[in-house]
Amino acid sequence: MFYKEDQELTMVVLSQPALNQCSLIETCKPTSLVTEIPVIDLSNHEANTFIVKACEEFGFFKVVNHGVPLEFMTKLENEALKFFKLAQSEKDTTGPPDPFGYGSRRIGPNGDVGWIEYLLLNTNTDVNSPKSLFTFHENPQVFCSAVDNYISAVKKMSFELLELMADGLGGIKPRNVLSRLLSDEKSDSCFRLNYYPPCPELQALSGGNMIGFGEHTDPQIISVLRSNNTSGLQICLKDGTWVSVPPDHTSFFINVGDSLQVMTNGRFRSVKHRVLADIMKSRLSMIYFGGPPLNEKIAPLPSLITKEEENLYKEFTWCEYKNAGYKSKLADYRLGEFEKSAGK
Ligand SMILES: C=C1C[C@]23C[C@@]1(O)CC[C@H]2[C@@]12CC[C@H](O)[C@@](C)(C(=O)O1)[C@H]2[C@@H]3C(=O)O
Ligand SMILES: O=C(O)CCC(=O)C(=O)O
Ligand SMILES: [Fe+2]
């Protein structure tokens, strides 16, 4: 279950140095309304149907019985914490991200900020990921292999999810029509470790909530998120209300990304989400963003449209979408300029 939050939110910018440039959300008190979060049990033979329903209604679901060993998650969590606990001066010598690398407070190139530190990595071994980042870690090799083991296991589960989606969408053939985009050796996927330090300054600001990661949709196909047991993640429902997602360190949370919304011609919803910082506890999340190869055309699957006029989107490649995305602010509606209704 997750809790609906008040819809009318006010953004305030604080002047205290510690909170410098970070945004506050006021009046985020849970109401009595509760919403059931879709939970997909991968051992259930009807999982394909439930996944499709969840992607249509929420663009978001939780996965249990996923087969990824818990030790892969906890190992990576512990190694990542060792990195984030290093002295700020050491971490700073590895930044700023361009877009890969270590970042603190600033998200993306266009002035977005949050109460966050992160490591953003490219999962494609052909591209030169800033593995030098790991050298500051007390045991770089251990950190590197924890990242590699985790990503391999999560990728495998992502292929399964995308194949179940193809089944659930009416048995689209071949059933790897979506998963092949992530399994392709040129897949432009990335991986992010987010660390949200506790924000004790919040205590003084009754009712205030510090933005850890501002509202946005993920541009890729799907994002697979795992976090420690600190809350903070919220998703936006179709009616515009924000709901808090109770954390579960043993499960994964899946976001439909913009590219999958387009490939299903709007049938699946790319979910708007955000993270609020906690007063007392740090949050550590790890997210695999499964993206297609750069030259891949992002267009509705032919079996999901009967006439070309029904296609809601202009033709574009992942590279074009990504480049446009990097010119945008986090909260911008990036798909807007690619909708046919936006004019040619
Ligand atoms: C403000 C930005 C950060 C972002 C690139 C962008 O210009 C717009 C999309 C942002 C986002 C959100 C999901 C992922 O965290 C991310 C890595 C991505 O692919 O798109 C980030 C980008 C980023 O932090 O570089
Ligand atoms: O850290 C989280 O829990 C979510 C962050 C997120 O949405 C992102 O990195 O795109
Ligand atoms: Fe996200």
Side-chain angles (χ1 to χ4, degrees), residues 2 23 59-60 62 73 77 80 84 95-124 127 129-130 187-197 210-236 242 244-249 251-261 270-278 281-292 294 298 318-319 321-337:
F2 44 26
S23 308
F60 184 83
K62 168 170 158 171
M73 310 178 189
E77 179 179 333
F84 289 114
D98 64 344
F100 301 113
Y102 168 77
S104 168
R105 303 279 172 91
R106 295 178 197 287
I107 300 172
N110 303 313
D112 288 288
V113 288
W115 192 257
I116 187 174
E117 288 179 51
Y118 59 87
L119 271 175
L120 188 54
L121 305 171
N122 194 312
T123 60
N124 189 338
V127 178
S129 264
S187 145
D188 182 40
S189 298
C190 58
F191 183 65
R192 180 167 205 141
L193 287 161
N194 287 334
Y195 177 70
Y196 303 90
M210 179 65 78
I211 289 283
F213 205 116
E215 67 175 73
H216 65 284
T217 59
D218 294 344
Q220 293 82 359
I221 296 175
I222 56 167
S223 316
V224 180
L225 182 150
R226 185 267 174 188
S227 77
N228 67 356
N229 265 339
T230 302
S231 60
L233 179 65
Q234 297 189 323
I235 64 164
C236 189
W242 286 95
S244 295
V245 180
D248 176 355
H249 72 291
S251 302
F252 290 101
F253 293 93
I254 313 299
N255 292 337
V256 168
D258 298 342
S259 301
L260 188 54
Q261 175 170 318
S270 166
V271 64
K272 216 177 348 165
H273 55 285
R274 68 183 181 195
V275 178
L276 305 182
D278 193 276
K281 289 163 70 192
S282 59
R283 174 177 166 92
L284 191 286
S285 59
M286 35 191 91
I287 307 120
Y288 164 72
F289 300 94
L294 284 172
I298 307 299
W318 166 242
C319 185
Y321 191 60
K322 201 171 123 159
N323 289 342
Y326 272 109
K327 293 192 187 110
S328 69
K329 298 267 285 182
L330 204 48
D332 288 348
Y333 178 56
R334 279 174 281 282
L335 275 180
E337 63 177 286

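Hydrogens, waters and symmetry mates are skipped; everything else that's a heavy atom, side chains included, is used. Note that ligands are numbered from 1 as they come in the structure, with each ligand's atoms numbered from 1 the same way. Along the sequence shown, residues carry numbers from 1.
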Donor-acceptor under 3.5 Å ([X] side chain, [Y] main chain):
| X | Y | answer |
| --- | --- | --- |
| Arg334 | Lys329 | yes |
| Arg283 | Thr230 | yes |
| Ser285 | Arg226 | no |

Query raised in the report: Can you find a non-hydrogen atom of Tyr118 under 4.0 Å from ligand 2?
Result: no
Taking 4.0 Å as the limit for heavy-atom contacts, which would you say applies to [X] with ligand 2: side chain only, backbone only, both, or neither?
| X | result |
| --- | --- |
| Phe289 | side chain |
| Asn255 | neither |
| Arg283 | side chain |

Relative to the heavy atoms of [X], which atoms of ligand 1 are at a distance of less than 4.0 Å?
| X | answer |
| --- | --- |
| Ser328 | 1 (C), 7 (O), 8 (C) |
| Gly108 | 1 (C), 2 (C), 3 (C) |
| Gln220 | 18 (C), 19 (O) |
| His216 | 12 (C) |
| Pro219 | 13 (C), 18 (C), 19 (O), 20 (O) |
| Asp112 | 1 (C) |
| Arg192 | 14 (C), 15 (O), 16 (C), 17 (C), 21 (C), 23 (C), 24 (O) |
| Leu120 | 17 (C), 25 (O) |

Query - side-chain hydrogen bond (donor to acceptor under 3.5 Å, both in side chains) partner of His216, the single match among Lys272, His273, Arg274 - result: His273
Per-atom contacts of ligand 2 with [X], taking only distances under 4.0 Å to non-hydrogen atoms:
| X | answer |
| --- | --- |
| Asp218 | 10 (O) |
| Ser285 | 1 (O), 2 (C), 3 (O) |
| Leu225 | 2 (C), 3 (O), 4 (C) |
| Tyr196 | 1 (O), 2 (C), 4 (C), 5 (C) |
| Arg192 | 9 (O) |
| His273 | 7 (O) |

Query raised in the report: If you measure from atom 8 (C) of ligand 1 to every heavy atom of Lys327, Arg334, Lys322, Lys329, which option wins on shortest distance?
Result: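 Among Lys327, Arg334, Lys322, Lys329, the closest heavy atom to atom 8 (C) of ligand 1 comes from Arg334.
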**Report entry** Per atom 4 (C) of ligand 2, closest listed option by heavy atom (Leu330, Val275, Ile107)
**Finding:** Val275
**Report entry** Apex the Fe ion (ligand 3); atoms His216 NE2 and Asp218 OD1; angle rounded to 10 degrees
**Finding:**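 For NE2 of His216 and OD1 of Asp218, the angle centred on the Fe ion (ligand 3) reads 90°.
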**Report entry** Sub-4.5 Å side-chain heavy-atom contact between Phe289 and Ser189
**Finding:** no
What protein heavy atom sits nearest [atom], and how far away is it?
| atom | value |
| --- | --- |
| atom 5 (C) of ligand 2 | Asn194 ND2, 3.3 Å |
| atom 10 (C) of ligand 1 | Leu330 CD1, 3.8 Å |
| atom 22 (C) of ligand 1 | Tyr326 OH, 4.0 Å |
| atom 10 (O) of ligand 2 | His216 NE2, 3.1 Å |

For the [atom1] atom of [X] and the [atom2] atom of [Y], what is their distance to the nearest 0.5 Å?
| X | Y | atom1 | atom2 | answer |
| --- | --- | --- | --- | --- |
| Phe60 | Asn255 | CZ | CG | 6.0 Å |
| Asn122 | Ser187 | CG | OG | 8.5 Å |
| Glu215 | Asp112 | CD | CG | 10.5 Å |
| Ile298 | Ser259 | CD1 | OG | 4.5 Å |
| Asp188 | Trp318 | CG | CH2 | 6.5 Å |
| Leu284 | Phe84 | CG | CZ | 6.5 Å |

Does an N or O from [X], backbone or side chain, lie closer than 3.5 Å to an N or O of ligand 1?
| X | value |
| --- | --- |
| Gly325 | yes |
| Asp218 | no |
| Asn110 | no |

